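Below you'll find the structure, written out as structure tokens, and then a few comments.
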2 protein chains.
Amino acid sequence: MKSTLPPPVVSRKAIIFKEAARLFREKGYSGSTLRELAGKAGVKGGSVYHHFSSKQEILFTIMEHTMSTLIMRVQEAIATETKPIDKLRKAIQFHIAYHTADSDETFVTDAELRSLDADNLTAIVGMRDHYERIFRQIMEEGVARGEMQIGNVRLASKALLQMCTGISSWYRPEGEKSISDIADYYIELFFRGISRTSAAEAGGRAVEL
Amino acid sequence: MKSTLPPPVVSRKAIIFKEAARLFREKGYSGSTLRELAGKAGVKGGSVYHHFSSKQEILFTIMEHTMSTLIMRVQEAIATETKPIDKLRKAIQFHIAYHTADSDETFVTDAELRSLDADNLTAIVGMRDHYERIFRQIMEEGVARGEMQIGNVRLASKALLQMCTGISSWYRPEGEKSISDIADYYIELFFRGISRTSAAEAGGRAVEL
DNA sequence: CGTAGAATCTAACAAGCGTTAGTTATATTC
DNA sequence: GAATATAACTAACGCTTGTTAGATTCTACG
């Protein structure tokens, strides 16, 4: 019989990663100390440097992982659809789902751009632009096909992403509304607005929460 | 003839206030040092304490001033209107105008809640709730009068404020679009959505930027 | 068992932090 | 012009910061 325990399911590095996201979200990057982070990860201050070369690298790792996951998975999410309006629906649903599921990481990725070194900033901003471009392209295709009326795609995509990303700043899992309910309502809101006339005449299913 | 110069138009305290907003926005509250702030305000480190009792008090002063101005002036802005839909239009216009005009202060007020001491936090959160309630009440009135169709006022108001507040994170005065153009487009977006059908049939003037 | 490598700890470093006290300079008032 | 009040400066305090080096413990494997 083997006497040794199996390797832990989550590596210490993964624990530090997760606790860093939580702490950076709560106190900000500059407001968080390596010693407190280490403590939450069950380790003493200096030991963190066995897994990361610097505090900055921890932040960058979080952001890079978040952005590359966002880009990869939003593309998967829209790949199954052909109509731009359905692509946009799927993209919004994924965006909101990910921003609530991994809310610590996404919040930090949105809020701590200013804490990145010059090179790291360039890399992350590039990925963020890439992600935003996916949404803009769907919208442009939707306009070209006559499915959407968007006077300014750049403004509209910024408005959309900002209102959806913001969910992660107030959403708490123990709340009464499910993530998919919230997502459905945001989609309805963005597609049809709040006007009585337009909403009443629009085609799709109505969502009442 | 009087030989003394007139007192400066902007007091040093006002300069420190303004530079603090700029610096806190750029580097965050924890990431900003009193010495750097003092330097930008044309003064040595210790001199700041002649105008403020602590770094924390500077932050609180910025936030309190911003929130009370927001509350006061949004009420003035909607006071001239009677229809909820016009009130909301005016409220959004003001919100965006203020968030772009004093973008340093509003950005800090939105982003640095986590850096506030317990008591200060309670005060500011209370004011923020007050401000949000103004928007919710307009929406509820709009629904009651049949002017708006909003399934969930709380969600809709959060979405609206988040997308409008977000403008201050990318808006630069030297850009090609004017603030009022952006505001008009956001209003159109929020009122009518992006769907082809609903937008085409809605009443108001169309905005093409 | 014994050894190698990974993981952690301990202890210290130089630098920078917010804040304070005491002093000097500038402006106002009688 | 002396007296007073305001504003700014200097220099230091105790503490914390990110980071490093070296010693120590744990784990896997022949």
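Bear in mind that the values here come from a model prediction, so they are computed numbers and not experimental data.
- For the pair A/F191/A/I85, a side-chain contact is recorded, criterion being any heavy-atom separation below 4.5 Å from C-beta on.
- With rounding to whole Å, B/L23 atom CG is found 11 Å from C/dC17 atom P.
- Taking for each of A/G46 and B/G45 the nucleotide of DNA chain C with the nearest heavy atom, the 5'-most of the two is the partner of A/G46.
- D/dG18 atom C1' lies 15 Å from atom CG of A/L59, rounded to whole Å.
- Taking 4.0 Å as the cut-off between side-chain N and carboxylate O, B/E132 and B/R154 do not count as a salt-bridged pair.
- A sub-4.0 Å separation between OP1 or OP2 of C/dC9 and a side-chain N or O of A/S47 is present.
- Side-chain N/O atoms of A/R35 and base N/O atoms of D/dG18 include a donor-acceptor pair closer than 3.5 Å.
- Side-chain nitrogen and oxygen atoms of B/K55 include none within less than 4.0 Å of the OP1 or OP2 phosphate oxygen of C/dT19.
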- Task: Show your reasoning for whether ring pair (Phe, Tyr, Trp, His ring centres under 6.0 Å) applies to A/H65 and A/F17.
- Result: CA-CA 10 Å; A/H65 172 263; A/F17 178 99; 5.5 Å; yes
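- Comparing C/dC9, C/dC17, D/dA8 by their nearest atom to the side chain of B/V43 picks out D/dA8.
- The interatomic distance linking B/K44 (NZ) with C/dA21 (P) rounds to 21 Å, in whole Å.
- Here D/dA8 is the nucleotide among D/dT17, D/dA8, C/dT19 with the atom lying nearest to any side-chain atom of B/R12.
- In this pair, A/H95 and A/Y131 present their aromatic rings parallel. The plane angle is below 30°, not in the 30 to 60° band.
- Heavy atoms of A/S32 sit under 4.0 angstrom from primed sugar atoms or phosphate atoms, though from no base atom.
- Between A/E81 and A/K87 there is no salt bridge, since no side-chain nitrogen of the basic residue lies less than 4.0 Å from a carboxylate oxygen of the acidic one.
- The separation between A/Y49 atom OH and C/dT8 atom P is 16 Å, rounded to whole Å.
- The CZ-C1' distance, from B/F52 to D/dA7, rounds to 14 Å in whole Å.
- Rounded to an integer number of Å, the gap from CD of A/E57 to P of D/dT19 is 10 Å.
- In this structure, of C/dA7, D/dA8, C/dG18, it is C/dG18 that holds the atom nearest to the side chain of B/T33.
- In this structure, A/H50 reaches the C/dA7 phosphate: one of its side-chain N or O atoms is under 4.0 Å from OP1 or OP2.
- Put simply, CG on B/D117 is 13 Å from C1' on C/dG18, counting in whole angstrom units.
- For the pair B/Q56 CD and C/dC17 P, the computed distance is 18 Å after rounding to whole Å.
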